[in-house]
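Taking it in order: structure first as structure tokens, then the write-up.
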Amino acid sequence: MATFGNGSGATPGAVGQGRGITYPDFSSPTVDKVMVEERAAGLGKRSIKGPAKIAGLKLAISMMDLTTLEGKDSPGKVQQLCQKALRPHERADIPPCAAVCVYPKLVPVAKRAVEGSTVKVASVATAFPSGLSTLEVKLADVRQAVELGADEIDMVIDRGAMLAGEYRAVYDEIAATKEACGHAHLKVILETGELGSYDRVRKASRIAILAGADFIKTSTGKVTPAATPPVTLVMLEAIRDHAHATGRRIGMKPAGGIRTAKQALHYLVMVKETLGDAWLTSDLFRFGASTLLNDVLMQLEKERTGAYQGGDYFSKD
Amino acid sequence: MALGDQDSGGEARARVGVRKAYKMFVGGAFVRSESGRYTQVRDHSGAGAVENIPRASRKDGRDAVLAAAGALGGWSARAAYNRGQILYRLAEMLEARRAELAASLERGGLDAGAAEREVVSAIDRAVAYAGWADKYQSLFSSLNPVSGPHFTFTVPEPMGVVVIAAPPRPALLGLAGALLPVITAGNTCVVLASEADPRTALVFGEALATSDLPGGVVNLLTGQLAEVLPHLAAHMEVAALDLHGVDAALAKRLEEAAAASVKRVRARSLGEAEWFDDGAATSPRWIERFVEMKTIWHPVGP
Amino acid sequence: MSDKGTAAAGGDGGSPRQPSAARDTAADAAVVFGDAWRYAPAPEGRDHVKIAPRYDLFIGGAWRAPESGRYLDSISPSTEEKLCEFAEASERDVDLAVQAARAAYEKHWSRLRPLERGKYIYRIARALQEKSRELAVVESLDGGKPIKESRDVDLPLAAAHFFYYAGWADKLEHAFPGRDPRPLGVAGQVIPWNFPLLMAAWKLAPALAAGNTCVLKPAETTPLTSLLLAKIIEEADLPPGVVNVVTGAGATGAAVVGHPGVDKVAFTGSTEVGKRIQRALAGTGKRLTLELGGKAANIVFEDAPLDQAVEGIIGGIFFNQGHVCCAGSRLLVEESVHDALLLKLRERMATLRVGDPLDKNTDVGAINSRAQLEKIQELVAAGEREGAARFSVSCALPQRGYWFAPTLFTGVAQSHRIAREEIFGPVLSILTFRTPEEAIEKANNTMYGLSAGVWTSKGSKSFWVAQRLRAGVVWANTFNKLDPSSPFGGYKESGFGREGGRQGLLAYLEVD
């Protein structure tokens with residue numbers, strides 16, 4: 001039977017039982033692919049002009065998790081990235097980014113660089129990006145990242161388990177990771193590009209939310225497709241149902257493939273018209289992006305000066 | 001000469017024939033008019049007998065429409081193959097009544113040759129429509145190549161209850177030719193028989209009754225078209241009118257009455273000789289006039 | 001509110017309440033649609049749009065002043081400003097138009113090689129694409145519909161319709177093999193104000209492709225795009241008289257329909273007028289197709305993809321301010337998901353943007369006319385009187401113009417007027433059902449039969465329902481989709497004949 005917005009993990013809405021644990025009901029509504037894509041595309045047609053555009057773009061910057069997740073990441077690279085996050089542009093009216101997102105080894109570098117600012121340090125963990133290590137290794141990964149100073153942990157779910165229908169295993173891992181996070185906020189990456197259907201995205205969203213996620217996040221950025229408007233919309237709808245059922249607000253982070261200011265505004269429109277005002281803050285919405293920031297800055301400069309901008313007038317970090 | 005009728009002999013040993021009381025066929029039952037009225041029909045074949053044919057009233061019309069409406073769900077839901085088999089069974093039953101039908105047409109004024117020709121044509125018409133029952137759908141349907149991620153198709157469905165005014169002549173072939181496409185398409189009907197030869201229609205009704213056709217699919221009334229049809233044309237349960245050989249003034253009245261519920265009115269018919277043209281009279285257009293096209297859209301996506 | 005559940009799962013939303021109005025709990029307050037980030041006005045430019053101060057009649061390839069010298073005002077329903085004047089055609093003007101159409105039929109159009117006929121129609125399609133932005137703006141100015149819709153729906157579909165039927169012109173023999181298809185002659189076509197240009201396309205394209213000539217009568221509240229289309233037809237060098245456009249009010253339409261020189265009448269509009277036309281045409285032998293009113297059921301089962309169903313419901317009733325004959329104006333919801341769905345619907349309605357039709361972010365525009373606004377108000381008042389619970393979104397409506405806030409009614413009974421009569425406005429009536437059979441029975445319990453919707457994730461149920469709905473178009477997990485290749489038209493009192501697809505040609509052809 002289809003349900004929507006069933007209870008949180010802590011309180012048994014409580015159907016399944018196994019290994020002495022009571023599990024919540026994971027059942028989720030189905031998603032019609034054609035209609036959800038039509039709706040997402042429809043929201044992309046909002047025309048965001050003038051003051052709305054400026055406000056939206058600044059908001060987008062304040063929601064950015066400026067990200068570098070490459071094998072060649074070095075302290076130098078991360079320091080540069082942090083500078084950009086702290087002060088994206090010389091203009092005083094442009095806010096800092098929400099966070100930088102790095103591998104665990106580089107957390108101390110980032111932490112030093114952003115010290116005393118509002119910029120958070122997020123670390124991927126749990127054998128990112130595949131997640132295919134043993135639970136012990138993954139939890140150790142998380143604990144270390146937190147010990148090194150990460151404010152936020154971006155974990156990956158076990159997609160293999162999700163696809164195999166081992167929902168309890170997925171739930172257990174997330175719950176264990178949440179525990180390992182301690183005070184750090186947990187973002188749960190579903191890697192939607194590997195889940196195969198919106199139905200499964202919706203279910204994975206629900207499992208992650210019930211298991212204790214503070215945020216749910218689309219992608220690692222290592223798999224195509226990464227974030228798309230419809231997949232984000234499906235996740236926003238899961239968040240909305242949970243808010244209605246429990247009053248609890250879960251955050252959302254689309255990541256990967258968001259490169260232009262126009263795309264960023266499209267996502268903000270989706271948030272505004274799906275979850276409303278409360279989510280229009282970096283506490284509940286983030287962009288995971290590496291190249292988006294400069295395009296947003298260029299658009300802001302264009303709005304200020306009226307002239308179309310050139311790439312070399314903005315620092316590439 | 002009427003079948004087996006030997007009742008005019010004077011000899012004591014002569015057998016007295018059993019005459020048939022002709023009845024209308026409504027809801028699968030043989031009925032007289034609720035009004036008790038009748039019309040006397042002469043026998044043109046020389047035997048001289050006069051027969052009493054029911055003269056349907058407005059209420060008989062109403063009853064017939066209710067019977068047709070009641071039969072619609074079951075008939076339209078049957079598999080097309082099954083409808084085809086029932087229509088073929090009708091052909092078998094008509095074939096078995098060939099002699100009686102021919103004799104009735106002769107009594108209605110035809111010569112033996114013409115009567116025979118009409119009967120076999122009517123039987124063959126039933127065979128032709130039996131074959132159409134599971135084929136017209138393929139001809140009328142379409143897969144619509146819409147722009148977008150939808151699977152869209154259009155299929156014919158029955159219209160509902162159809163009121164048919166059968167042509168005066170040919171009384172049997174015209175009746176068969178008019179009602180067969182209507183029921184082939186899954187509709188049910190109320191038929192006003194030819195005023196020129198109502199008796200043959202009632203014999204045809206006896207074939208219908210033994211053909212596995214569910215009661216109410218075809219309801220045969222005899223009487224005066226001008227008296228009964230206006231009430232049927234205004235009946236809100238009726239979906240369509242099929243007017244063969246109705247005079248222009250009456251047709252206009254009926255069309256006006258039909259507008260009250262936006263009925264489909266078909267006034268085009270065939271000339272008396274054209275009914276014998278197999279090609280013209282079994283064209284799928286006769287079925288197409290009594291279907292509604294339904295378009296269904298469905299999204300395509302995993 | 002407990003945190004465990006809702007509608008289908010039992011929990012707090014278990015049994016539907018009658019009429020379930022407010023649900024103001026702490027959890028619901030978690031989601032609030034306000035102005036934390038406000039969209040700025042985004043008006044579509046209109047500097048490139050030229051509206052003449054006065055339009056004459058397009059008859060025989062020329063622009064003619066009406067014999068009476070009388071002109072009517074075209075009013076923008078969103079501002080009540082006068083856009084221009086247009087001619088009121090009298091019987092005499094209509095007669096000239098029919099004569100021109102007859103002459104064009106006999107001298108040119110019926111003698112033209114079919115492929116050449118098609119090429120003229122292709123020209124119209126292309127010109128519509130080239131002028132689409134201008135026409136979209138005029139459509140929104142004249143009729144009040146959001147530019148988003150005129151730009152993304154009306155114009156592309158109108159062009160597509162001409163493009164589609166252009167290709168049929170030389171293939172009629174293949175469309176009806178062995179049936180000797182022949183044109184009917186002069187078609188008199190009377191179209192409504194809800195999709196002015198699109199309906200002109202639906203009427204003209206198949207008629208012309210089939211080899212007929214036309215006298216088109218647009219609605220008196222929305223004549224402009226038909227007149228601009230006449231200009232396109234003039235510029236496309238169609239032989240004079242092949243298409244004639246006569247503007248005016250009801251009397252002009254009656255003159256077109258009643259003219260003895262018209263061989264075929266096609267009408268889209270209200271069932272009431274449709275019946276009058278059918279009666280008037282009785283005994284004339286004129287061919288007739290009618291596309292009339294509707295009161296479509298949109299059926300939502302508990303296993304539906306609910307968030308997408310919400311989109312279909314919203315689009316189904318608020319698209320074009322509900323001025324849609326196939327609008328999903330009766331929502332039939334399975335009782336077990338009634339409350340959950342209602343919450344989602346009300347939330348979604350809160351995000352609808354009502355206002356300036358030329359603003360690119362407007363979702364719901366102006367009501368087409370004062371008369372239509374009054375009709376909507378009258379039926380909504382009847383709904384309240386009969387005891388249904390009304391919910392209208394609280395949005396600021398412009399001071400001038402004709403406006404009605406998106407509205408829904410819960411606790412609607414099958415017997416209420418708002419469940420039976422076509423409101424033709426942004427008003428949704430919500431009813432419930434318990435079993436699929438009950439859904440079908442309620443859906444079909446109407447004199448109309450134009451369209452219907454069904455929402456379920458179960459394919460077999462979807463087709464089961466689609467087969468049983470007595471409606472000419474059934475949308476499964478979608479709504480209000482139209483396409484030139486897809487036949488559209490009604491059962492029952494929603495009219496007869498189909499527009500679109502191969503079927504659409506039948507309305508303009510004689511076949512054996």
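Every value quoted in this text rests on a predicted model; they were computed, and no experiment measured them. Naming: A, B, ... by sequence-line order, numbering from 1 per chain.
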Check your understanding: Taking atom CZ of B:R289 and atom CG of C:L506, what is their separation to the nearest 0.5 Å?
Key -> 12.5 Å

Exercise for review: Check the pair B:M236, C:E493 against side chain to side chain contact (heavy atoms under 4.5 Å, CB included), reporting the backbone distance first and the verdict last.
Suggested key: CA-CA 10 Å; B:M236 303 300 270; C:E493 292 198 14; 3.9 Å; yes

Check your understanding: Counting N and O atoms only, with roles assigned by atom type, does the side chain of C:K275 sit under 3.5 Å from a partner on the main chain of B:A259, one being a donor and the other an acceptor?
Key -> no

Practice item. Return yes when atom CD of B:E227 has more than 12 non-hydrogen atoms of other residues, nucleotides or ligands closer than 6.0 Å, and no otherwise. Key: yes

Check your understanding: So, do C:Q503 and B:E288 sit near enough that their side-chain heavy atoms are less than 4.5 Å apart?
Key -> yes

Check your understanding: Counting distance only, does the side-chain N/O of B:R264 pair as donor-acceptor with the main-chain N or O of C:G495 below 3.5 Å?
Key -> yes

Practice item. Report, as yes or no, whether the 6.0 Å neighbourhood of atom CD on C:E272 holds more than 12 heavy atoms from other residues, nucleotides or ligands. Key: no

Practice item. Identify the heavy atoms of C:S486 and B:N144 that sit nearest to each other, and give their distance. Key: OG-ND2, 3.6 Å

Point to revise | Residue-level interface, residues 458-477 of chain C with chain B, non-hydrogen cut-off under 4.5 Å | key: C:S462, C:F463, C:A466, C:Q467, C:R468, C:L469, C:R470, C:A471, C:G472, C:V473, C:V474, C:W475, C:A476, C:N477

Check your understanding: Has C:R126 got more than 12 heavy atoms of other residues, nucleotides or ligands less than 6.0 Å from its CZ?
Key -> no

Study note, to complete from the structure: Closest non-hydrogen contact found for B:S147 with C:D483 is N-OD2, 2.9 Å

Point to revise | Proximal component of B:R253, with respect to chain C [non-hydrogen, under 4.5 Å] | key: neither

Point to revise | Residue selection (most heavy-atom pairs with chain B, distance under 4.5 Å) from C:S485, C:G283, C:G489 | key: C:S485

**Study point:** chain C contacts, top residue of B:K252, B:H150, B:E292, B:E255 (heavy-atom pairs, under 4.5 Å)
**Key:** B:E292

Practice item. For the pair B:V262 and C:Q278, evaluate side chain to side chain contact (heavy atoms under 4.5 Å, CB included) and give the outcome as yes or no after the intermediate values. Key: CA-CA 8 Å; B:V262 196; C:Q278 189 179 5; 3.9 Å; yes

Check your understanding: What part of B:S261 lies closer than 4.5 angstrom to a heavy atom of chain C: side chain, backbone, both or neither?
Key -> both

Revision key, fill the gap. On a heavy-atom basis, the closest approach of B:R268 and C:E510 is NH1-OE2, 3.1 Å

Review point. Can you find a heavy atom in the side chain of C:Y491 that is under 4.5 Å from one in the side chain of B:K294?
Key: yes

Review point. Which answer fits C:L482, side chain, backbone, both or neither, if we ask what part of it has an atom under 4.5 Å from a heavy atom of chain B?
Key: backbone

Point to revise | CZ/B:R285: more than 12 non-hydrogen atoms of other groups inside 6.0 Å | key: yes

Revision key, fill the gap. Taken to the nearest 0.5 Å, the spacing of C:R498 CZ from B:S142 OG works out to 11.5 Å

Check your understanding: With only heavy atoms counted, which part of B:L139 is less than 4.5 Å from chain C, the side chain, the backbone, both or neither?
Key -> backbone

